[in-house]
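Input: a single structure, listed below in structure tokens.
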Amino acid sequence: MEYDFKKVEKKWQDYWYSHDCFKAIDFDSKPKYYALIEFPYPSGAGMHIGHIKAYSSMEVVSRKRRMQGYNVLFPIGFDAYGLPTENYAIKNNIHPRIVTDRNILTFTNQLKSVGLSFDFDRVIDTTKEDYYKWTQYIFLRLFKKKLAYKSFTYVNYCPTCKVVLANEDSQGGHCDRCGSEVIQKQKDVWFLKITDYSQKLLDGLDEVDYPARVKQEQINWIGKSVGAEINFKIKQNNENLTVFTTRPDTVYGVTFMVIAPEHEIIEKYSSCITNLDAIKEYQIAAQKKTEFQRTQINKDKTGIKIEGLTGINPITGKEIPIYVADYVMTGYGTGAIMAVPAHDTRDYEFAKKFNIDIIPVIEGGDISKEAFTDIETGTMINSDILNGLSVKDAKDKIIEYLESNSIGHKMVNYKMKDWAFNRQRYWGEPIPIINCPNCGYVSDDNLPLKLPYIENFKPGNDGESPLADIKEYVNCKCPKCGKDAKRETDTMPQWAGSSWYFLRYCDPRNDNELANMEKLKYWLPVDWYNGGMEHVTRHMIYSRFWNNFLFDEGLVPVKEPYKKRTCIGLILGRDGQKMSKSLGNTVDPLEIVNEYGADTLRVYILFIGEYDQPAPWSDEGIKGVKRFLERVLRFDEKLNDKEGYSPSLENLIHKTIKEVGNDIENIKFNTAISKLMVLSNAYSKEESITKDDLMVLLKLLNPFAPHMCEEINEKIGNKECMVFSKWPDYDEAKTIDNEIDIAVQVNGKLRGTFKIAKDSSKEEMERRAFEVENVKVHINGKEIKKVIVVPNKIVNIVAI
RNA sequence: GCCCGGGUGGCGGAAUAGGUAGACGCACAGGACUUAAAAUCCUGCGGAAGGCGACUUCCUUACGGGUUCAAUUCCCGUUCCGGGCACCA
């Protein structure tokens, strides 16, 4: 029999998509299941092999759920705003709208050519007015709750892309997109106050099912630390200089203070400072450094003492010098620290370099050599009222002291910074804000605020958006007072549209609200969200923030959007390196589909290795999968007329149903497929098999290789397509073997095996163990010390 | 520097409430079918040694220790690879 996979796969794709097989039905009485994948950015390069791997896990789960009787929502869309499209458009002089539409069309066809069971009726495109209208709406809700604000600040600026970058997009001091070195630039830009949700985002992690490492990464990203703020006095003017510390208990060890170069007191008290010129010089030098250079850990400590300002330790009354140094960051805590060189490596290095006293306040360590930082436990010394206390008690006592004397209080700090919510680019959601000289920033509630269709979308000079050049866009009337005003010309960052797309899927065509509450109540939360490790911090935290906010606004019914999250491991190139165009080691999924068929590709991608681990592509490996599927294709030739399962296969069938089901739920697709191979190998060895035998295999295989299974199903005379065929049940009692192999060890070494009925008594097992010939040889002439019998498993004889 | 993963045949990888290491697949070798090749089917396949032989023995889960009747699995130390965070006070 010739199996023409191209023809067959096309046939079933046409059937499924034209018969609405994957349509999610609002308010259906079946239990709902919402499976989500990270929607793609429709790049010109089209679908990558990684996309298929990323989608295939939820694809298998969705198909299985449909067979289990669920009403499944498995949607797809396009996160289409962003730089690559815009850069491509500029280079080729084609409008990004045209490029985007073209790419989405290509992508859609490619997705369908793999037979993915998305509900294509709910497709969303973040760049369409009916979608970004609601992205703008959410922004305005944030603005009205003062969670969106404009601030004059230093920003990371990429001189090549001519855009301001979020810290997240410029890690390592280089632009995420082009790799250019990022420079610091002052600009007035929009921020979202995600920091107001720091604690909520932490607390939410307790109620969701994410892998431990995912939670840990989010916890680290948010970076909570508990400590205290303490007001030190400045001797010359009796003003406060407030510091944040996680170790208020070490306050007796403070021998100097350090402020960040940007700290306001330099300007404020400049009249007191006698070496102002030198300090200004240091400030300028620090400003020139990029964020990256400043955070290089191994570089020498630099700094300069402020002459004319002296700090006073509010606990001891001792006078201490104040330094400016760029190892203190302006954006964290108060931008000023109390330095305890005896117990902090950075302070220690600084103190050594500037010859400052080092006073240990916790017992242990040798401060002549290095800072003693292992101080979670220990006993306080040199600390007056804290002497002799444990670290924990000292913390409590000093905070109580600070609070009762109004010189400080308990304080929590987070590393996470507010979200820089702006791009100086054309291809993004316009920010619907009007700047009125009279009223200040005013929301433009007339949504959508359309992105004008312009010819010149190249970035403006000096970090301005190209929209700034369009007079008729910029110039407008203030909605409040009616006077002449100017429109915001920055657009939203790439992360905006993806921060709420999972909500829109629940009600994608709603023109009156971002999504109907009843529909959201029906579908949310997302039951299972699969995607890349690289989106675990940025995208996931941003979208959890938006969802939490919308919950507070009463617009969504759940706090946490994603009930369960799993992550995918990369498919590496044939050479074991990460696939990249520059290395020339990419694998084109369409070529593979063309050569082997979609089913083979789908199965191979999941068989290649552990789903969340990286694994190299192998052209040899895929052939084995092809052979397996072709063997299954031939089973219809050996069907007999009997009913039910063949007695010789029954046990294995029940076992396979159980294990394949479990493996799918535990994202262990590689072992699920290997168990299907084992079952099919058993079928091969049979003279003939029953139709029921075959149907079980087809049903278990259907989520992985659906085209082929449909074809066989039809060929053997079944009328109904397999999408809603019933997932097979198993009988627990029949998964257990009646006869068990028992291993016999002598002194821990395997010396033989025997078969015995399951649940045989210990006595019986022991008796049989001693009958094994090779066992007799090994215990000959020795004294039996002990016999360990583990029912249904093993007998170990200890003999000396 | 800190926090997570991971190290098993020629290769991708199985097996951990401790209990026959190497499932499944690839590659390779031998055989069947064929005029031939491809495809397919059968057999073997961690390493070493012994035996004509069914077999037997020793070694083997990065390295070194430990706990245990029994360790890929648990504990301690070392090392290498991957990811995340990083002068965060």
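Convention: sequence-line order gives letters A, B, ...; per-chain numbering from 1.
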* Assert yes or no for the condition that the ring centre distance of A/Phe607 to A/Phe669 is strictly below 6.0 Å. =>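 No, the ring of A/Phe607 stays outside the 6.0 Å limit from the ring of A/Phe669, centre to centre.
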
Does any nucleotide pair with [N] by Watson-Crick or G-U wobble geometry, both distances under 3.5 Å, and what is it?
N	result
B/rG5	B/rC81
B/rA27	none
B/rA17	none

* To do: Could you state the atom-to-atom distance from NZ of A/Lys215 to C1' of B/rC85 in whole Å?
  =>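 Atom NZ in A/Lys215 sits about 19 Å away from atom C1' in B/rC85.
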
* Name the nucleic acid region contacted by A/Phe607, choosing base, sugar-phosphate or nothing; use a 4.0 angstrom heavy-atom cut-off, strictly under. =>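 Base contact - A/Phe607 has a heavy atom under 4.0 Å of at least one base atom.
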
* Asked: So what does A/Glu620 touch, heavy atoms closer than 4.0 Å: a base, only the sugar-phosphate, or nothing?
  ->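 Sugar-phosphate: the residue A/Glu620, judged by heavy atoms under 4.0 Å, touches backbone atoms but no base.
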
Between [X] and [Y], does any side-chain N to carboxylate O distance fall below 4.0 Å?
X	Y	value
A/Glu637	A/Arg634	no
A/Lys6	A/Asp4	no
A/Asp663	A/Lys675	yes

* Asked: Is B/rG9 syn or is it anti, if syn means the base angle is within 90 degrees of 0?
  ->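 Syn for B/rG9; the angle stays within 90° of 0.
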
* If you check every side-chain atom of A/Arg634, which of B/rU57, B/rC41, B/rG84 has the closest atom? ->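 Given the options B/rU57, B/rC41, B/rG84, the side chain of A/Arg634 is closest to B/rC41.
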
* Within the modelled atom types, does a donor on one side and an acceptor on the other bring the side chain of A/Lys301 and the base of B/rC87 under 3.5 Å apart? ->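 Checked by distance alone, the answer is yes.
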
* So, does the side chain of A/Asn796 form a donor-acceptor pair with the base of B/rC69 at under 3.5 Å? ->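 It does, because a donor-acceptor pair links the side chain of A/Asn796 to the base of B/rC69 below 3.5 Å.
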
